[in-house]
Structure formats: C-alpha cells, structure tokens
Number of protein chains: 2
Amino acid sequence: MDETVKSAEAITQQCLQHFDVNWLINRAAHGLREAMDAEANAHGTSIRGHIVLTALVQNDGRPYSQLALGHALGVDKTTMTALLDKLERSGLVVRTPDPNDRRARIPVITEAGRELQAKLYDLLKAVEARVLDPLTPEERETLRSLLRKIIPMEHVEGSCM
Amino acid sequence: MDETVKSAEAITQQCLQHFDVNWLINRAAHGLREAMDAEANAHGTSIRGHIVLTALVQNDGRPYSQLALGHALGVDKTTMTALLDKLERSGLVVRTPDPNDRRARIPVITEAGRELQAKLYDLLKAVEARVLDPLTPEERETLRSLLRKIIPMEHVEGSCM
DNA sequence: TATTGTTATACTCTATAACTATA
DNA sequence: TATAGTTATAGAGTATAACAATA
C-alpha cells in the first residue's frame, strides 16, 4: 500500500463525486463502445464499418451515392471515402458507377459484407447484453428513457457514428 | 422534403433501435462532454486541464511529481507533459524542482490557476445542471446508480480523463 | 459554374521509443 | 542499471482546400 496508489484512488473518488454524471456517463459510454469495437476488430472491421454495412443492408432497394450515405450517417464525404476504402479493401463493399450521374459512385454491399454484417449484428447485440447484464430489463428501459431525455434534440438528425 | 433527408432520419431511427443503448449513451456522453469542454475552452483551457488543476488544488499539501500525477489521473507521462506544457504556457501552473530528486519536477498551481479552477468548477457544475435539467433530482440519482452498475470495475482505479 | 469523389494537407490525440539527466 | 521527464515520431480521427471528372 504505497502513498501514490492511495492518492490515485482518492482522485478517482473526487472525479466521481464532483462531476460525477459527466465522469460516469463518459466512462460507461467508453466501456461499451470499446467492448463492441473490440468485437468488430476481431472480425476485421470496426463499429463504424458495421454501421455503414448496416445502412447498406437496410437500404438495399434504394441505392445511395457516397455523398447521400455520408449525409445520412452524419459524416463528411472525406470520412466516407476513408471508411469505404477500408470496407472495399476487405471485400465487404464494391463501388459501382451511378448510371444516372457519371460523377457519382454507388457503394454496394457484397455477399461477404452481407454475411459479416449479419454475424456481427448478433455478436454486437451479445456484447451489449453482456455489458448491460448487471441491469434488469426494467432498469435497461429506464436507462434508455433517461438518456433520451438528456440528448440534445437539435442533434438527433445528425451523426449516428 | 427530399428523399435524402427522409432517409437520414430513417437511418438515425435504425441506429436508435438496433444498438440503442450504445448509441444513446455515447450521444449523451458526447453532448455533455462537448458542452463542458466548450465552457472550459471559452476560458482558455479544457476539461482535461481543469481536471489537472482540480487535482493540484485538492492535493495541495502533498506535492505530486509529474509521474505520480499522471499515474493518479491515469494518463501517460508524455500526455502529462503535454497537458502541463499548455497549463504552464497559460500561467496556470509552474514546474518546480523536487528538492529530494533532481530528476523530478513538482507541478504547482499558480494563483491564476487557483482562481480559474474555482471559477470553472462552478461554471462546469452549471453546465452539467443545464444538460441534466430535463431530469428530476430522483431521476438524476437513478441515472448515476444505473451507470455505476455497468462501469467495468477493474477500470475504476484507472483513468478519470 | 456547381457538384461528386479523391487526394493532399493539417491539426489533434495518443502511444512508443530514444534521449538526457539524474539516481 | 533504473528512473523522471522531454522530445521525436508515428498512427488514428477529423476537417479544409485543391483537384479531376462530370453535370
């Protein structure tokens, strides 16, 4: 039991007391996000990659240009380019030319991408369930409800990444 | 009402439904952190700067070396160097030599640092209160309690930044 | 002229390794 | 030989500006 360790705990306690909601919520958010990202990394992609794949799956019938997809997910077009570069290198997505506009390219999910999305979807749900395991179903619903109340409404249409 | 905007909302809804806790908690965490950081930025520092100042104020009697301070706050020594560089440039902290170890330096908060810490402490509490305004006092306590339950315990002694 | 997508550039954060001066 | 602190460097993430092809 050296002094430094005791003080480290003391400072953590202070963080916890003084700005506790900020500290707690960022800790919890970081923990959940890291756990899910680790699962995605283990399968060769990331949470952000999975979000893009999910958007492509769910909008299968209506093809998105890169710009529209970026706008829908709330990210810059240069960020979208970087995300799609990775997904394309992994063979999860291919960029196809837009027949109506030769400037534009339509990202299309591949069969491999579709399979990974489905598998990862279940795995990420399981990670979320594991992290939330200490809460009862009622408590989880309460948490969701409380969080919704404090999310600034003007941002809800913005980024989901 | 163009198609793209409708789809953006649809995708946000999907994020909200499918991984809602991850999405909600990271949204809420980001919102709170950004609001507090904006306040700190407006006064020439950051949340992380304020945390360092707060640690220095609260451990006034027991001087920390940079390494011990970094350990206590859960950050790397190189990160600590960068944080202290900014605080020292702003005149909020001075590095003094450790009389017992000429390799070590003791960061000491200045009078200006002390004043800023106190002012910012109140301002950040006000920001937190403003963000949490939609919640009743009971709901805030419930939120704290639920968040504590899902924070991985092995990390609680770690970083508070 | 304006727009899609890419590239180049820059800025922040973060972490590792190399270095110095002590111990 | 090990440790405190700095610096150099490199990697991710993010944003702006310049550019090529097309509208």
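We name chains A, B, ... by the order of the sequence lines, and we start the count at 1 in each one.
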Quick one: do Leu67(B) and Ile51(B) end up in the same hydrophobic cluster if we chain Ile, Leu, Val, Met, Phe, Trp and Tyr together by side-chain heavy atoms under 4.5 Å apart?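 As far as the 4.5 Å side-chain criterion goes, Ile51(B) and Leu67(B) are not connected within one cluster.
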Report the distance from atom [atom1] of [X] to atom [atom2] of [N], rounded to the nearest whole Å.
| X | N | atom1 | atom2 | answer |
| --- | --- | --- | --- | --- |
| Asn26(A) | dC13(C) | CG | C1' | 15 Å |
| Leu67(A) | dA2(C) | CG | P | 17 Å |
| Asp76(A) | dT12(C) | CG | C1' | 16 Å |

Taking only side-chain nitrogens and oxygens of [X], does any of them come within less than 4.0 Å of OP1 or OP2 of [N]?
| X | N | value |
| --- | --- | --- |
| Arg105(A) | dT3(C) | no |
| Arg48(B) | dC13(C) | no |
| Thr79(B) | dT14(C) | no |
| Thr78(A) | dA15(D) | no |
| Lys86(B) | dT12(C) | no |

Inter-residue atom distance Lys86(B).NZ - Arg48(B).CZ, 0.5 Å rounding: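 Rounded to the nearest 0.5 Å, the NZ-CZ separation comes to 7.5 Å.
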Just verifying a value: how many Å separate Leu146(A) CG and Ile25(B) CD1, rounded to the nearest 0.5 Å?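 It comes to 11.0 Å.
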Overall bend - the helix from dT1(C)-dA23(D) to dA23(C)-dT1(D), comparing terminal axes fitted on five pairs, nearest 10 degrees: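 The two end axes of the helix from dT1(C)-dA23(D) to dA23(C)-dT1(D) meet at 30°.
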Filtered N/O pairs between nucleotides 21-23 of chain D and protein, under 3.5 Å:
{"unit_1": "dA23(D)", "atom_1": "OP1", "unit_2": "Arg102(A)", "atom_2": "N", "d": "2.8"}

